[in-house]
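To start, the structure itself, in structure tokens.
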Amino acid sequence: MLRILVACANGAGTSLMMKMRVEKATKDLGLKVQTIHHCSLSEGKSAATQYDVVFCPLNFANMFEDAAKKGVKICGMKNVLSDKEAQELLINNGLVEGNK
């Protein structure tokens, strides 16, 4: 069961829209998800190690380097409203196989 964090600048509008895209992508891929939490970047940076995957806009992905070193998959999105990109990031990070 995946624990997913979605973080954006203020943790309100954009992160909520990203969360909806990620929810759709995980459902379409048949992934088992325990939780998807959306928040601001500052909250996300401090909480990232409690999650398996972090989604954020691509230009903020480097903020999560410490979490990545601890095994958290960091998914920087170019288009935060793209279901397809969210799916591709999950697949490319090896999160589809073995999760079903």
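Everything quoted here is computed from the prediction, not taken from an experiment.
A side-chain contact (heavy atoms from CB on, under 4.5 Å) with Tyr51 is found for one member of Lys73, Arg3, Gln34 and no other, namely Arg3.
Between Met77 and Leu89 the shortest side-chain heavy-atom distance falls below 4.5 Å. Counting only heavy atoms from C-beta outward, the side chains of Leu31 and Leu2 approach each other to under 4.5 Å.
The existence of a salt bridge linking Asp28 and Lys24 is confirmed by a sub-4.0 Å separation between a basic side-chain nitrogen and an acidic carboxylate oxygen.
Note that CD1 of Ile74 and SG of Cys56 are 7.0 Å apart. Values are rounded to the nearest 0.5 Å. The NE2 atom of His38 sits 11.0 Å away from atom CE of Met17, with the distance rounded to the nearest 0.5 Å. Rounding to the nearest 0.5 angstrom, the gap separating the CG atom in Leu95 from the CD1 atom in Ile4 is 8.0 Å. Note that OG of Ser15 and CD of Glu43 are 9.5 Å apart. Values are rounded to the nearest 0.5 Å. If you take OG1 on Thr14 and CG on Leu81, they are separated by 7.5 Å, rounding to the nearest 0.5 Å. Note: Lys19 NZ to Leu5 CG = 11.0 Å, rounded to the nearest 0.5 Å.
For the pair Ile36 and Glu23, the tightest heavy-atom approach, listed with the atom from each and the gap, is CD1-CG, 3.4 Å. Between Ala7 and Ser40 the shortest heavy-atom distance is CB-O, 4.0 Å. Considering all non-hydrogen atoms of both residues, Ala25 and Leu90 come closest at CB-CD1, 4.1 Å.
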Go through the steps for Val54 and Cys75 under the test side-chain contact (heavy atoms from CB on, under 4.5 Å), then give the verdict. CA-CA 6 Å; Val54 173; Cys75 298; over 6 Å; no
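In the hydrophobic clustering of this structure, Val33 groups with Val6; members are Ile, Leu, Val, Met, Phe, Trp, Tyr whose side-chain heavy atoms approach within less than 4.5 Å, directly or through other members. The hydrophobic cluster containing Leu41 does not contain Phe55, counting ILVMFWY residues as joined when their side-chain heavy atoms lie under 4.5 angstrom apart, directly or transitively. A chain of hydrophobic side-chain contacts below 4.5 Å, direct or via other Ile, Leu, Val, Met, Phe, Trp or Tyr residues, connects Val96 to Val22.
No more than 12 heavy-atom neighbours from other residues, nucleotides or ligands sit within 6.0 angstrom of CG on Asn10.
In terms of modelled atom types and a separation under 3.5 Å, the side chain of Glu85 and the main chain of Lys78 share a donor-acceptor contact. In this structure, the side chain of Ser82 does not engage the main chain of Asn79 through any donor-acceptor pair within 3.5 Å.
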